[in-house]
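Right, one structure below, let's go through it.
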Number of protein chains: 2
Amino acid sequence: MRGVIGEVEEKLRSNEYKMTPKREYVLRVLLENKDKHLSAEEVYNLVKIKAPDVGLATVYRTLELFSSFDIIHSMDFGDGRKRYEFGVDNGDGHRHHHLICVQCGKIIEMNEDLLEDLEERVNRTYNFTISDHELKIFGRCSECMPKNKKE
Amino acid sequence: MRGVIGEVEEKLRSNEYKMTPKREYVLRVLLENKDKHLSAEEVYNLVKIKAPDVGLATVYRTLELFSSFDIIHSMDFGDGRKRYEFGVDNGDGHRHHHLICVQCGKIIEMNEDLLEDLEERVNRTYNFTISDHELKIFGRCSECMPKNKKE
DNA sequence: CTAGATGCAAATCGTTTGCACCAAT
DNA sequence: ATTGGTGCAAACGATTTGCATCTAG
């Protein structure tokens with residue numbers, strides 16, 4: 001994990017940006033919560049535990065900075081605020097799909113890529129060069145949809 | 001097209017809501033712009049041409065009302081505002097996928113459903129009961145991606 | 001020293017809400 | 001009359017920005 005921070009630092013440095021302590025805290029929070037999808041305010045609150053003097057604006061600016069370098073990825077699940085995740089760009093586009101439970105709000109991440117043939121088809125049919133995609137699937141998770149309950 | 005308005009009126013009426021002139025203008029604007037994805041403010045501006053005394057709040061309230069009856073569908077393309085389209089719910093979930101050109105901002109609509117087998121798989125693998133899904137594909141449209149230009 | 005980084009508060013922007021008034025049953 | 005519909009302005013919540021200060025190279 002330490003390596004990741006170094007990589008990010010290098011990425012910033014090579015573009016005249018600094019890896020400051022505050023920025024490192026933001027990054028750590030994102031790294032330690034890879035599975036979650038934190039909002040700016042949630043990141044802010046977690047960073048404040050370690051750096052109580054941090055400002056919300058700094059968190060926003062840092063998230064924006066990281067986003068612009070594709071270090072993290074922002075998304076929205078329709079709740080009016082952006083959410084961030086440490087983004088694994090594997091080179092040929094982002095591959096994170098989310099199952100969003102409309103009942104309990106849980107978000108399940110599906111990391112497998114299931115859209116390859118679809119991309120092919122879109123490319124050909126619409127002459128559209130895909131760089132990324134985002135798939136949100138709404139429904140009910142297993143806990144919210146008991147076997148014996150229909151809807 | 002006149003029939004659609006009647007249908008909507010009926011849908012509202014059967015739930016104790018009225019199809020008022022203002023609401024009809026909002027609906028008409030959406031109908032006349034099926035291919036576009038208008039924001040609340042854009043709808044407002046178009047409605048104002050016919051009904052200059054309309055208020056923005058009414059437009060928001062009407063859009064919310066129509067959404068709650070699945071007459072229209074709201075979505076967001078990451079530009080910080082909700083966008084609305086006259087929604088064709090074919091009964092087994094919504095099927096609108098969008099190709100979003102990251103260069104010119106054009107939004108191409110794909111109405112075919114390409115995700116049926118994916119849904120099957122998700123249902124089985126994650127025990128997740130799908131009610132809807134939303135797929136956004138980012139990239140460059142044919143006009144913004146000349147054959148001889150690589151990226 | 002100089003430019004970027006930061007905190008704070010004010011500003012912004014899309015959207016929502018409270019309230020008084022209007023319209024239709 | 002009663003209930004829902006509407007305009008206006010104020011309220012809101014997430015995000016951004018202006019500015020003075022701080023800090024690292």
Side-chain angles (χ1 to χ4, degrees), chain A residues 5 8-29 37-69 71-84, chain B residues 5 8-29 37-69 71-84:
Chain A
I5 294 172
V8 172
E9 180 167 3
E10 201 177 323
K11 203 178 251 184
L12 294 184
R13 230 174 251 301
S14 67
N15 287 75
E16 333 249 274
Y17 291 102
K18 299 167 193 166
M19 177 59 105
T20 65
K22 305 269 172 73
R23 286 178 180 169
E24 188 169 327
Y25 282 127
V26 171
L27 180 58
R28 273 178 202 281
V29 164
H37 301 85
L38 302 175
S39 67
E41 192 131 12
E42 286 166 344
V43 172
Y44 168 64
N45 287 324
L46 289 170
V47 170
K48 260 214 307 213
I49 296 170
K50 299 298 184 75
D53 60 326
V54 75
L56 182 53
T58 298
V59 171
Y60 272 104
R61 283 188 279 235
T62 302
L63 292 171
E64 161 60 23
L65 177 70
F66 287 169
S67 285
S68 72
F69 282 108
I71 293 162
I72 63 176
H73 196 72
S74 89
M75 63 207 61
D76 113 283
F77 295 121
D79 62 345
R81 68 194 69 188
K82 284 185 191 164
R83 298 191 164 273
Y84 300 85
Chain B
I5 294 173
V8 172
E9 181 167 2
E10 201 178 323
K11 204 178 250 185
L12 293 185
R13 228 174 252 303
S14 67
N15 287 77
E16 333 250 272
Y17 291 102
K18 299 165 191 166
M19 177 59 106
T20 65
K22 304 269 174 71
R23 285 178 181 170
E24 189 170 327
Y25 281 127
V26 171
L27 179 57
R28 274 179 202 282
V29 163
H37 301 85
L38 303 175
S39 67
E41 192 130 15
E42 286 166 344
V43 172
Y44 169 65
N45 287 326
L46 289 169
V47 170
K48 261 215 304 213
I49 296 170
K50 300 298 184 76
D53 61 326
V54 75
L56 182 54
T58 298
V59 171
Y60 272 106
R61 283 187 279 235
T62 302
L63 292 171
E64 162 61 21
L65 178 69
F66 288 170
S67 286
S68 72
F69 282 107
I71 293 161
I72 63 176
H73 196 73
S74 88
M75 65 208 60
D76 114 284
F77 294 121
D79 62 346
R81 70 194 69 189
K82 282 184 191 165
R83 298 191 164 271
Y84 299 87

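By convention in this document, chain letters (A, B, ...) are assigned in the order of the sequence lines, proteins followed by strands, and residues within each chain are numbered from 1.
Of the candidates dT15(C), dG5(D), dA5(C), dG5(D) carries the atom nearest the Lys18(B) side chain, counting heavy atoms from C-beta on. Relative to the side chain of Arg23(A), the nucleotides dG7(D), dT6(C), dA9(C) differ in distance, and dT6(C) lies closest. Side-chain atoms of Lys22(A) lie closest to dT6(C) of the nucleotides dT6(C), dC8(D), dT15(C). Closest approach to the Arg81(A) side chain among dT6(D), dG7(C), dT15(D) is made by dT15(D) (side chain taken as heavy atoms from C-beta onward). Closest to the side chain of Arg61(A), out of dA5(C), dG7(C), dG14(C), is dG7(C). The side chain of Lys82(B) sits closest to dT15(C) out of dT15(C), dG5(D), dA14(D). Among the nucleotides dA14(D), dG5(D), dG14(C), the one closest to any side-chain atom of Tyr60(A) is dA14(D).
Thr58(A) has a side-chain polar atom (N or O) that falls below the 4.0 Å cut-off from OP1 or OP2 of dG7(C).
Judged purely by atom type and a 3.5 angstrom limit, Arg23(B) uses its side chain to pair as donor or acceptor with the backbone of Lys18(B).
The nearest whole Å value for the distance from the CG atom in Asp79(A) to the P atom in dT15(C) is 14 Å. Distance CG (Leu12(A)) to C1' (dA5(C)): 12 Å, rounded to an integer number of Å. We find that CG of Leu63(A) is positioned 13 Å from C1' of dA14(D), with the value rounded to whole Å. Distance, Lys48(A) NZ to dG7(C) C1': 12 Å, rounded to whole Å. Atom pair Tyr17(B):OH and dA24(C):C1' shows a separation of 17 Å (rounding to whole Å applied). Straight-line distance from the CG atom of Asp53(A) to the P atom of dT23(D): 10 Å, rounded to whole Å. The interatomic distance linking Glu42(A) (CD) with dA14(D) (P) rounds to 10 Å, in whole Å. Asp76(B) places its CG atom 12 Å from the P atom of dT15(D), with the value rounded to the nearest Å.
Both Ser39(B) and Pro21(B) sit near DNA chain C, but only Ser39(B) has its closest nucleotide nearer the 5' end. Map Tyr44(B) and Arg83(A) each onto its nearest nucleotide of DNA chain D; the residue landing nearer the 5' end is Tyr44(B). Residue order along DNA chain C, read from the 5' end via each residue's closest nucleotide, puts Tyr84(B) first among Arg13(B) and Tyr84(B). Each of Leu56(A) and Gly55(B) was matched to the nucleotide of DNA chain D holding its nearest heavy atom; the match closer to the 5' end belongs to Gly55(B).
Minimum interatomic distance between Ser67(B) and Tyr84(B) (heavy atoms only, all atoms of both residues): OG-CE2, 4.1 Å. What you find for Ser74(B) and Lys82(B) is that their closest heavy atoms are OG-CD, 4.2 Å.
Residue Tyr60(A) is tested with Leu56(A), Thr58(A), Thr62(A) for a side-chain contact (heavy atoms from CB on, under 4.5 Å); the sole match is Leu56(A).
No more than 12 heavy atoms of other residues, nucleotides or ligands sit less than 6.0 Å from atom OH of Tyr17(B).
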